[in-house]
Structure formats: structure tokens, C-alpha cells
Amino acid sequence: MTRGTTNPNRLRRMDRWIAATHGAALRRASDPLAVDLGYGAAPWTAVELLTRLRTAAPRTRVAGVEIDPVRVAAARPYEREGLVFRHGGFEVPVPGRPVLIRAANVLRQYDEAEVAPVWRQLCARLGPGGLLVEGTCDEIGRRHVWVALGLEGPRTVTFAARLGSLERPSDLAERLPKALIHRNVPGEPVHAFLRDFDRAWAAAAPYASYGARQRWMRAVRDLTADWPVTDAPARWRQGEVTVAWAALAPAG
Ligand SMILES: C[S@@+](CC[C@H](N)C(=O)[O-])C[C@H]1O[C@@H](n2cnc3c(N)ncnc32)[C@H](O)[C@@H]1O
């Protein structure tokens with residue numbers, strides 16, 4: 001049991017990314033159900049997920065799922081058309097197969113060894129073309145890192161930040177998801193990635209006079225020489241970069 005810390009707008013970067021990258025799948029689905037797993041002590045993130053996903057896929061429904069029954073009772077008054085709250089855990093007790101499961105700041109309280117089995121359990125609940133987004137952020141959502149997984153397993157890792165708050169890209173290390181946070185040590189791919197990102201950021205210092213966004217975009221462009229960046233400048237402009245999971249996966 002945790003305090004269930006959450007905040008309005010905390011997950012906006014993640015919501016926007018999901019709407020942009022997974023909106024088409026939600027639009028195509030006959031039953032576009034999204035699950036906000038472990039929404040916390042207040043229902044805000046589930047309410048906001050519904051609003052943001054509906055801008056991309058107007059038929060989307062959201063189910064908030066929480067292991068703490070007191071939090072479910074507290075959220076129920078906020079139910080509305082397209083939004084329900086259910087008591088449960090990784091079994092995801094909703095009818096049918098969700099097109100999206102989002103678990104933000106949930107697995108951080110579990111052991112690293114539990115991550116892979118939980119990922120498998122959650123991915124097994126997804127419908128065709130479904131996505132699991134699992135990650136971590138700071139309390140006001142300025143720094144995020146999340147993993148996106150399809151039914152076959154992990155695909156990508158996304159780093160997202162309010163760039164003005166960043167001294168260097170490796171500041172994001174403190175928000176690595178559970179699968180990677182203990183791997184930010186020499187010899188591990190994620191450590192090498194953040195080291196190279198810091199170098200590219202330092203080399204891009206002259207662009208800082210045009211703003212942190214230009215500097216970030218330049219640094220990410222340099223990174224593409226050595227790392228399989230899977231997204232494009234339109235996302236970098238948002239203070240994001242997405243990298244293939246295989247390049248960052250733990251070494252041993
Ligand atoms: C730190 S809060 C995160 C709230 C919100 N997702 C956010 O990012 O702001 C974590 C929540 O996950 C819930 N939780 C932990 N394990 C869970 C599980 N197996 N299934 C559902 N919820 C879980 C906790 O009860 C807690 O309310």
C-alpha cells in the first residue's frame with residue numbers, strides 16, 4: 001500500500017504521446033477501451049486520460065483500476081459517460097480486451113524481478129494491436145521515462161521532459177522505470193545511452209541561445225548516428241525522444 005501520490009496534469013506528457021502514437025489504433029478498435037492501472041488516491045489521471053484520448057479517438061472509454069478499495073470508493077462519484085472505476089490489480093478486471101493499459105508510477109514500488117512477469121501478465125490482457133505503457137515520472141510531470149510494449153513484448157523507451165527544467169539529459173535517470181533504474185551503471189546499455197546523450201547535449205551547447213528545444217533537437221539528431229531512435233523531429237520538438245527497447249535492455 002502506498003500514499004497513492006498523484007497530481008492533476010502529472011501525466012500530460014504521457015497522455016499526449018499515447019494520443020499521438022496510439023490514437024489510430026483506438027480509432028480503429030470496435031471497443032476502444034483504455035485502462036488507467038493504479039490511478040492513485042485521486043481520479044485525476046483517469047479523467048485526463050479520457051479527455052486527451054478522446055481528442056484523438058472520440059469513442060474511447062477509460063476504466064480506472066486500483067488495488068486499494070478506499071481509492072475506488074473515493075473515485076466512484078467521478079464516474080461519467082465513458083469513465084468507470086474498478087477494484088483490482090494486474091489481472092485487470094474489466095470485460096473484454098483493452099486497446100491500451102497505462103501503468104504510471106505503479107511498478108516502482110515492486111522488485112525489479114517482478115517487472116517481467118507483470119509485463120507478461122498485462123500484455124496478455126491486451127486486445128489485437130494493443131499497447132502497454134509503463135513508466136515513471138516526478139510529482140509534477142516534468143520528467144518522464146516509459147516503456148511501450150505490444151503483445152509480443154517491449155518495443156520502445158521514451159524519455160520526455162520539460163526542457164527548461166533540465167540541466168542535462170541524464171537528469172532523467174532518476175525517473176527510469178523499474179526495469180532500467182538499477183541498470184544505470186557502467187557496462188549497461190542505458191548507462192551508455194545517457195552518457196552519449198549528455199555528450200551530445202554538451203556538443204549542442206551553442207544551440208542553447210535559440211532555446212532548450214533547439215538544443216535538445218540537435219542533441220537527439222546527433223544521437224541518431226549511434227542509437228536506434230525510432231521517432232522524428234515532430235516528437236523531439238515536444239521534448240521527447242523514443243529509442244528501441246532492444247538497444248537499452250539490461251545486459252545480463
Ligand atoms: C504512486 S500512485 C500513482 C498514481 C498515478 N498513476 C500517477 O502516476 O500519478 C500508485 C498507485 O498504484 C496502486 N497500485 C499498486 N499496485 C497495484 C496493482 N497491482 N494494481 C492496481 N493498482 C496498484 C497503488 O495503490 C497506488 O494508488
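Each ligand, and each atom within it, is numbered from 1 in the order the structure gives. Everything numeric here is computed off the predicted structure, so don't read it as measured data.
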TODO: Would you mind checking if Arg102 and Asp36 are paired as a salt bridge, meaning a charged N to carboxylate O distance below 4.0 Å?
DONE: yes
TODO: Can you sort out which atoms of ligand 1 are near Gly40, meaning under 4.0 Å from one of its heavy atoms?
DONE: 4 (C), 27 (O)
TODO: Side-chain contact test, heavy atoms from C-beta onward, threshold under 4.5 Å: evaluate it for Thr136 versus Val145 and give yes or no.
DONE: no
Task: N or O pair under 3.5 Å between Asn105 and ligand 1 - done: yes
Task: Minimum heavy-atom distance Val147-Pro177, with the two atoms named - done: CG2-CG, 3.8 Å
Task: N or O contact, Val106 vs ligand 1, cut-off under 3.5 Å - done: no
Open item on the list: Tell me whether Thr45 has any N or O atom under 3.5 angstrom from an N or O of ligand 1.
Closed with: no
Open item on the list: Can you list everything that forms a salt bridge (Lys or Arg N to Asp or Glu O under 4.0 Å) with Asp222? Sequence neighbours excluded, please.
Closed with: Arg218
TODO: Work out whether the distance between some heavy atom of Gly88 and some atom of ligand 1 is less than 4.0 Å.
DONE: yes
Open item on the list: At less than 4.0 angstrom from any non-hydrogen atom of Ala104, what atoms of ligand 1 do you find?
Closed with: 3 (C), 5 (C), 6 (N), 7 (C), 8 (O)
Task: Ile67, portion touching ligand 1 at heavy-atom distance under 4.0 Å - done: both
Task: Asn7, any N or O under 3.5 Å of ligand 1 N or O - done: no
Task: For Arg71, the ligand 1 atoms whose distance to one of its heavy atoms is below 4.0 Å - done: 24 (C), 25 (O), 26 (C), 27 (O)
Open item on the list: Only heavy atoms of Tyr110, strictly under 4.0 Å: list the atoms of ligand 1 that pass.
Closed with: 15 (C), 16 (N), 17 (C), 18 (C), 19 (N)
Task: Output field: ring centroids Trp245/Trp119 closer than 6.0 Å - done: yes
Open item on the list: Looking at Trp201, I'd like to know if the NZ or CZ of Arg215 sits under 6.0 Å from its six-membered ring centre while staying within 45 degrees of the ring's axis.
Closed with: yes
Task: Qualifying residue, where the test is ring-ring contact (aromatic ring centres under 6.0 Å, His included) with Trp216 and the options are Tyr207, Phe197, Tyr210, Trp236 - done: Phe197
Task: Proximity to ligand 1 by part of Leu11, non-hydrogen separation under 4.0 Å - done: side chain
- [ ] Mark up the atoms of ligand 1 that fall under 4.0 Å of a heavy atom belonging to Gly4, in ascending order.
- [x] 2 (S), 26 (C), 27 (O)
TODO: Might you point out which heavy atoms bring Glu240 and Arg13 nearest each other, and give the distance in Å?
DONE: OE2-O, 4.4 Å
Task: Salt bridge Glu134-Arg108, side-chain N to carboxylate O under 4.0 Å - done: no
Open item on the list: Using heavy atoms and a 4.0 Å limit, tell me yes or no: is Arg108 in contact with ligand 1?
Closed with: no
Open item on the list: Quick check on contacts: which atoms of ligand 1 are under 4.0 angstrom from a heavy atom of Arg10?
Closed with: 7 (C), 8 (O), 9 (O)
